Each structure stands twice: as C-alpha cells, then as structure tokens.
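Labels below follow one simple rule: chain letters A, B, ... track the order of the sequence lines, proteins then strands, and each chain is numbered from 1. Note that the structure is a prediction, hence the values are computed from the model and not measured.
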There are 2 protein chains.
Amino acid sequence: MKFKQLGLVGCGLMGASFALALQDKHLVDKVVGFSPSQATRDKALQRGVIHQAARSAAEAVQGADLVLIAVPVSHTAACLADIAPHLSADCLVMDVGSTKTDVVAAARAAMGDKLACFLPAHPIAGKAQAGVEHADASLYQDRALILTPLAHNTPAQIATATALWQAIGSRVHSMTPEAHDQTFAAVSHVPHLLAFAQVNGLLQQPQAADFLKLAGPGFRDFSRIAAGDPAIWRDIFLANAQQVLTQTTHFRIALEQLEAAITQGDAAQLQALIAQASQARSAWQLGEAASRTDQNQRLPSAGESQED
Amino acid sequence: MKFKQLGLVGCGLMGASFALALQDKHLVDKVVGFSPSQATRDKALQRGVIHQAARSAAEAVQGADLVLIAVPVSHTAACLADIAPHLSADCLVMDVGSTKTDVVAAARAAMGDKLACFLPAHPIAGKAQAGVEHADASLYQDRALILTPLAHNTPAQIATATALWQAIGSRVHSMTPEAHDQTFAAVSHVPHLLAFAQVNGLLQQPQAADFLKLAGPGFRDFSRIAAGDPAIWRDIFLANAQQVLTQTTHFRIALEQLEAAITQGDAAQLQALIAQASQARSAWQLGEAASRTDQNQRLPSAGESQED
C-alpha cells in the first residue's frame, strides 16, 4: 500500500501528525496541504509536513488519491462541499471529527456523486497543545481509531483505510455512526459536560475562591477535562446534542438513586450503589493496564488530549 | 513542644503515619496504641509505630497528654464515649475525620466534662493503600490540615495543635465545622458522588461493556475517584448529607444551564458557559503549580488518597 498524493485539508496538530506519520512509514510520495493561515502553511512546509502548499482546499485535493479533512467540526460541511467537485473518483477521503452522525449528514448533502469517496473516521488521539508546531509522527501510535463505514463504502475501501491506520500504529474499530456518537457521548462528551457543570456549580457560590483553595488531587483529576477548549466542546455538544442529552438522562437516574439513599439514610443501599461504581471502575483500570501490557501501548499522559 | 505520651486509637494508615511523624521529629517520648485487630497491633509494634499495645481504647489514652482518634468516622462517637472517663483533664484530643459537624455533635453528646479536651481536626492526606504497613512519616508533609475549633477550645490548645501539625509539615487552616463540611462537600464529596453516578449511569445500559472498551484518558481521570472505598464514602455522604445535597443542587443548576444551551442550539451561551469553567479550572491549576513552587510542596500522585 502506497499513496501517490495526500491532499491535506487542515495542517493543525491532527492533520500534520497524520502527514508526518505517513511519511515516516513511507506510505505516501507527496503531500499537498492547505490551511487558511499563511503562517500555518509556512510552518507546515518548513517542518516537512507538506511538500507543497495549496491556495485552497479544492487545490489541495486535486490529483490526490488520499484526502484527510482535519478541520474544526463546524467547518466540515463547507469543506466537503468545496472539495467534492475536485476529487478524483477513486480517491479515499476521511475526516477526523469527534462526532460522526452530523458529518455523515453533511457529506450526504454536500458531496453528490463523490459521496462514494468518503469513509468517516475518528482517531482517539490528541495533545493538550494544538497546532502544527506540536505535530508528532507518533500521535496515532497505540491509540484507537474508529471507522464508521456507510452503505456505499466498498470492502476494498474499508480494507485500505484499516491497513493505513494500522500501519501508523492505530487500533482500528468499526461501528455505525450512531453507535460511535452514543459511545463517545457516554465515555467522553458527558464526562466533559459534568466536569464543566461541577466547576460552574462552584463558581455560582460566593465562597467559590475559598472552596478552590482547599481543593485537592480528587478535584484535580475529576476536573482536569473541564479545562478543555470552549470552541471545540461547544461544537461537539451541539453536533451530538441528542446522544449527549440521552446520556445525561442515564446519569441523572444514577445520581438520583445515590441522593435518595443519602436522603433516606439507607446505608446498605448507598454502599451497594457506590460498590457497583467502584468495582466497575477498578475492573476497567485493570483491563486498561492489561491491554497496555498486551499491546505495548503508550501510556497517555494527563492532559494529553483536548477531546479524548 | 514535646509530648510525654501519645494515646493512639486506631493504628491504620492515618494514625500510624501520625505516630511515625511525631517520633521522626522527636515530638513524643512514648506511643501507646490500640487497634481492634491483634495483627494490626503486632505490626504497629514491629514497625516501631507504637511502643506499647493497649487492650482497649480506654487503656491507650490513660496517662496520655496527646490523643489521636484515627478510626472510621462511623466509630468515632462510640470511641469518644469509651475514652472520655479515662482522659487526663489537660490532654489534647484530636480526630482525623473527613466530616466535622457530625463529630462535634458526637463529642458534645459523649464526652461530658472532657469535651474541653477535644479539638476536631481533618488532615487532607491519604494513600491509595490503607493499613499500618503503608504508614509513612511524611504522609502529612506539605498537605493541608483543617482545625475546626469549638467555643471551649483555648488559644493555648489551638496554638499547640497548630504548632504540632506544622512541625510534621502540614499547612494548617482554621474554620468552623459548618464551613469545613460545606467546603469539602463542594470540592471533594460531590465530585466523588458525580463520578460514582457517571459510572453507574453507564452500567445501567446494555452497551456498558462496549462503551468502556473505548473509554480514554478523559474518562480515566474524571472517574479515578469513582474507585474509592465504598464503606468510607457511604459514611462520608451520610455524615455530611445536608451539605452534599446542597452542593448537588448547585451542580444541577449549572448542568441544566448547559443542557438548555445545547437543547436550544445557543452556541454563544454554550461557549460562554464552557469558557467560564475552562478559565476557572485553568487558573486553579496555575495557582496550584505556583503554590507548589512557593511552598516546595510534594506533588501528590494520582490515586494517592482515598478521600481527598
């Protein structure tokens, strides 16, 4: 497997790291990249992320047999519409968006007969610091990569995409766009929402500053994700609104059960509810540790990802 | 400042570490300790935590000029009633409980004229692994220690207690029992409750195992405290029920504001709410880092404390 030309739309952390990883593994001959910022394009050229800077997304994808759309989720629809007329019919186009149902709807609306090129993807990777200057050829190493194939995707397309991400070190999972959005609402989007809400709940109170002076390592870890980028999380919550709200309903039921046991002074029920969570969380940790050992995974550091 | 005899009631991690710290700083001549378990008493003797094992809490405090009650919160009331008749009138008695209003009520009910000896305390310290075998003379080094003095406490008592905890490295704060319980409901108890509820909210769903397979570092940090000890957290939530439920009310208001912005598709309001949390959390982190540099604080490791 080798690609002649990668058309890279978006030369930020995610896109630039993908281009570096492909070059590192000798999977691509040439990278043509576009970013709206001249400074980003210049840095991408200087760092060898791209071999040629394009003046538009449309120009970047011309002649490409592989395209990666690595733009903010809110720009994806416009980007797909821009590039569709310029795509070769046999080009493989993937994105890196954190939500998939909305991207699929945008692709269906915007891509016309080039929809057949598009295979939605979501790498579960990132870094606390964004931008081409933090790009890293190993960003996708030992991280999960979700493909959400559509009815039009051929087995050959799916096999090529799988081999490509595996070649740069990712563990490839496949699921429907709906299952993807449900899963990440449950394990990522709602934890972020709860962390934002917990911090805002403190800030509502006049004693907030005094409270925070005594916050310790429990608060530190619980609220680490509350420092996430506001524009990224605004877009994710809006794009995945339905699944996020479904998951907060499950959360509320569980919170109300705990609160009822507290209110009623029902020690046995309260302990049982806590034990259920505690055992599941401890088992998860053990499973993670085992999977790291099995797969020689890189242990992600705290604060690594903006949107894990 | 030097004590002749520490009466240690409870030779687990917290109590044993206190005894080791005092000996390390040459602040006590003799330690007499009691734990209900023979094995714990033997280990405490072997490790030099105590010089003499007592057959009861009452025996441990006889002749002591300093007493530390380091038992599970749910045993504190019975313990105070047991020891009160055996205390010297000039003895200083402290506890290490995570909640204070309930301990004060128990002391008032149980201690009679020996109530004057009692100065409630809460060291914000711990380790993931409990037990005398993990006792550590540096457990209280660079950690916060809260005193919640009562009307009967003399300035001399408070000064002695402050000097004692400072001598073993703690940063001593003083507040009312009510302010203590409110503060820790806000920054510790409710984050734990939310983490338990989030995990239980996942477990309610038939896809829970699939969800958890794709959980990443965001979930890992957010839910780290959901692995807490069920018996410890049952007792804390029941002892501090009112403040915990007050804090979940603040949390709910903040969550509903975020959900309303999502439901209404109000991107500007949603971003503003997230930015408020994100800025406050980032500022807190910077303040913590600065305070660590200023005070040469030990950076607590993840999972260090069962009840931070």
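Checked against side-chain hydrogen bond (donor to acceptor under 3.5 Å, both in side chains), S278(B) has no partners two or more places apart in sequence or in another chain. Under the salt bridge (Lys or Arg N to Asp or Glu O under 4.0 Å) criterion, D266(B) pairs with no residue, sequence neighbours left out.
L245(A) touches chain B through its side chain: at least one heavy atom from C-beta onward sits under 4.5 Å away, while N, CA, C and O do not. Only the side chain of Q205(B) comes within less than 4.5 Å of a heavy atom of chain A; its backbone N, CA, C and O stay farther away. In this structure, chain B has a heavy atom under 4.5 Å from the side chain of Q204(A), while its backbone stays farther away. Only the side chain of L203(B) comes within less than 4.5 Å of a heavy atom of chain A; its backbone N, CA, C and O stay farther away. Using a 4.5 Å cut-off between heavy atoms, A144(B) touches chain A through its side chain atoms alone. With a 4.5 Å cut-off on non-hydrogen atoms, A261(A) touches chain B through its backbone but not through its side chain. Contacts of L202(B) with chain A are made by side-chain atoms alone, with heavy-atom separations under 4.5 Å and no backbone atom involved. If you measure heavy-atom distances from Q276(A) to chain B, the contacts under 4.5 Å come from both the backbone and the side chain. Within the 4.5 angstrom heavy-atom criterion, atoms from both the backbone and the side chain of A267(A) approach chain B. Heavy atoms closer than 4.5 Å to chain B are found in both the backbone and the side chain of L255(A).
Side-chain contact, S17(B) with D136(B): no donor N or O sits under 3.5 Å from an acceptor N or O.
Heavy-atom pairs under 4.5 Å with chain B peak, among I262(A), I146(A), V199(A), T248(A), at I262(A). Here A275(B) is the residue among A283(B), A275(B), A241(B) with the most heavy-atom pairs under 4.5 Å with chain A. The residue among A208(B), A186(B), A272(B), A195(B) with the most heavy atom pairs within less than 4.5 Å of chain A is A186(B). Contact count against chain B (heavy-atom pairs under 4.5 Å) is highest for Q182(A) among Q279(A), Q257(A), H173(A), Q182(A).
A salt bridge links R224(B) with D221(A): the distance from a Lys NZ or Arg NE/NH1/NH2 to an Asp or Glu carboxylate oxygen falls below 4.0 Å. Of the charged side-chain nitrogens involved, at least one lies within less than 4.0 Å of a carboxylate oxygen, so that K213(A) and D210(A) count as a salt-bridged pair. The pair R234(A)-D229(A) does not meet the salt-bridge criterion, since no charged nitrogen lies less than 4.0 angstrom from a carboxylate oxygen. Using a 4.0 Å cut-off between charged side-chain N and carboxylate O, R252(A) and E259(B) make a salt bridge.
Under the 4.5 Å side-chain criterion, counting only non-hydrogen atoms from C-beta, L145(A) is not in contact with H122(A).
Between F18(A) and W165(A), the ring centre distance stays below 6.0 Å.
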